> 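Handing you a structure now.
The chains referred to below are lettered A, B, ... by the order of the sequence lines, with proteins before strands, and numbering in each begins at 1. This is a predicted model, so every value here is computed, not measured.
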Amino acid sequence: EAGVVQSPRYKIIEKKQPVAFWCNPISGHNTLYWYLQNLGQGPELLIRYENEEAVDDSQLPKDRFSAERLKGVDSTLKIQPAELGDSAVYLCASSLEPGGDNEQFFGPGTRLTVL
Amino acid sequence: KQEVTQIPAALSVPEGENLVLNCSFTDSAIYNLQWFRQDPGKGLTSLLLIQSSQREQTSGRLNASLDKSSGRSTLYIAASQPGDSATYLCAVNDYKLSFGAGTTVTVRA
């Protein structure tokens, strides 16, 4: 069974440029998560989708970040414009069903460097 | 807001020694707790998931305990090997995962 797929794995951009990350969850997983992980810290939730609906985006900086999950399968996270402080690893995870008691499976992440 | 703390931040042991990693959390109203492993530059690999009704979970050389009332979990790794060198993260699930900062383990050959 294929795991969570993310691309690109690495991205280097200059500040003020736009950037997008893509995630394909495990087949059949209805719930998808985007996390931000700064160096030396644990991941923090940005947004959670149940099917195509964003049910928790309270931690997403909406002035520059946006996300979509069309058709309730793969998802894209966008930053426009990027700032130096956005340099981090962006992780995508999925779980089989909604609900807090389901195990989450993580992708390899996208490491973003903003110059 | 759920706060998760992992102590120690780093640990170095000789090969063969048992590892004990600690995790504490502030709000005991959780669904479950997960332990993850993260290798440098890689994503998170789930090691163990303990449901809130369970006291412990075992997988091979790994054993995790959960004391929800005191807000503590411990991950034991028996007979450590150099391949166990990684960062170990615990995360509590109260409808979203809240992570600790991790314990970076180095096992010396």
> For residues B:Leu44 and A:Pro43, report the shortest heavy-atom separation together with the two atoms involved.
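Closest pair (atom of B:Leu44, atom of A:Pro43, distance): CD2-CG, 4.2 Å.
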> Can you tell which part of A:Asn38 gets under 4.5 Å to a heavy atom of chain B, answering side chain, backbone, both or neither?
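Neither; nothing under 4.5 Å.
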> Report which part of A:Gln37 has an atom under 4.5 Å of a heavy atom belonging to chain B: side chain, backbone, both, or neither.
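Just its side chain gets close to chain B.
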> Residues in salt bridge (Lys or Arg N to Asp or Glu O under 4.0 Å) with A:Lys62, at least two apart?
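Only A:Asp57 meet the salt bridge (Lys or Arg N to Asp or Glu O under 4.0 Å) criterion with A:Lys62.
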> Are A:Val4 and A:Tyr49 linked, directly or through intermediate hydrophobic residues, by side-chain heavy-atom contacts shorter than 4.5 Å (ILVMFWY only)?
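No, it is not one cluster - the side chains of A:Tyr49 and A:Val4 are not joined through contacts under 4.5 Å.
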> Give every residue pair that meets the ring pair (Phe, Tyr, Trp, His ring centres under 6.0 Å) criterion with at least one member in residues 36-65 of chain B, sequence neighbours excluded.
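Ring pair (Phe, Tyr, Trp, His ring centres under 6.0 Å) check on residues 36-65 of chain B returns A:Phe106-B:Phe36, B:Phe36-B:Phe99.
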> A side-chain contact here means heavy atoms from C-beta on lying under 4.5 Å apart; do A:Arg48 and B:Lys96 qualify?
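Contact flag for A:Arg48/B:Lys96 side chains = no.
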> Determine, using the 4.5 Å side-chain heavy-atom cutoff (strictly less than), whether B:Leu48 and B:Tyr76 are members of one ILVMFWY cluster.
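No, B:Leu48 does not connect to B:Tyr76 through the hydrophobic network.
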> Cluster question for you: counting only ILVMFWY and a side-chain heavy-atom cut-off of under 4.5 Å, with indirect links fine, are A:Leu36 and A:Leu45 together?
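In one cluster: no.
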> Within a radius of less than 6.0 Å around CG of A:Leu39, do more than 12 heavy atoms belonging to other residues, nucleotides or ligands occur?
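At most 12 heavy atoms, drawn from other residues, nucleotides or ligands, come within 6.0 Å of this atom.
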> What residues of residues 7-22 of chain A make heavy-atom contacts with chain B at a cutoff under 4.5 angstrom?
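Residues in range: A:Arg9, A:Tyr10.
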> Is the number of heavy atoms from other residues, nucleotides or ligands under 6.0 Å of B:Arg37 CZ greater than 12?
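Yes.
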> Give, as side chain, backbone, both or neither, the part of A:Phe105 having an atom under 4.5 angstrom from any heavy atom of chain B.
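Neither part.
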> On a heavy-atom basis, which atom in B:Ser46 and which in A:Glu103 lie closest, and how many Å separate them?
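Scanning both residues completely, I find the closest heavy atoms to be OG-OE2, 2.8 Å.
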> Please tell me whether A:Trp34 and B:Leu97 are part of a single hydrophobic cluster in this structure, the criterion being side-chain heavy atoms less than 4.5 Å apart.
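No.
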> At a 4.5 Å cut-off on heavy atoms, which part of B:Leu89 comes close to chain A: side chain, backbone, both, or neither?
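Contact with chain A is through the side chain of B:Leu89 alone.
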> What disulfide (SG to SG under 2.5 Å) pairs are there with at least one residue in residues 11-60 of chain B, not counting sequence neighbours?
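Qualifying pairs, neighbours excluded: B:Cys23-B:Cys90.
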> Which answer fits B:Gln38, side chain, backbone, both or neither, if we ask what part of it has an atom under 4.5 Å from a heavy atom of chain A?
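The side chain, not the backbone.
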> Quick check on the hydrophobic clustering: are B:Tyr88 and B:Ile50 connected, directly or via other members, by side-chain heavy-atom contacts under 4.5 Å?
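Yes: a chain of side-chain contacts under 4.5 Å links B:Tyr88 to B:Ile50.
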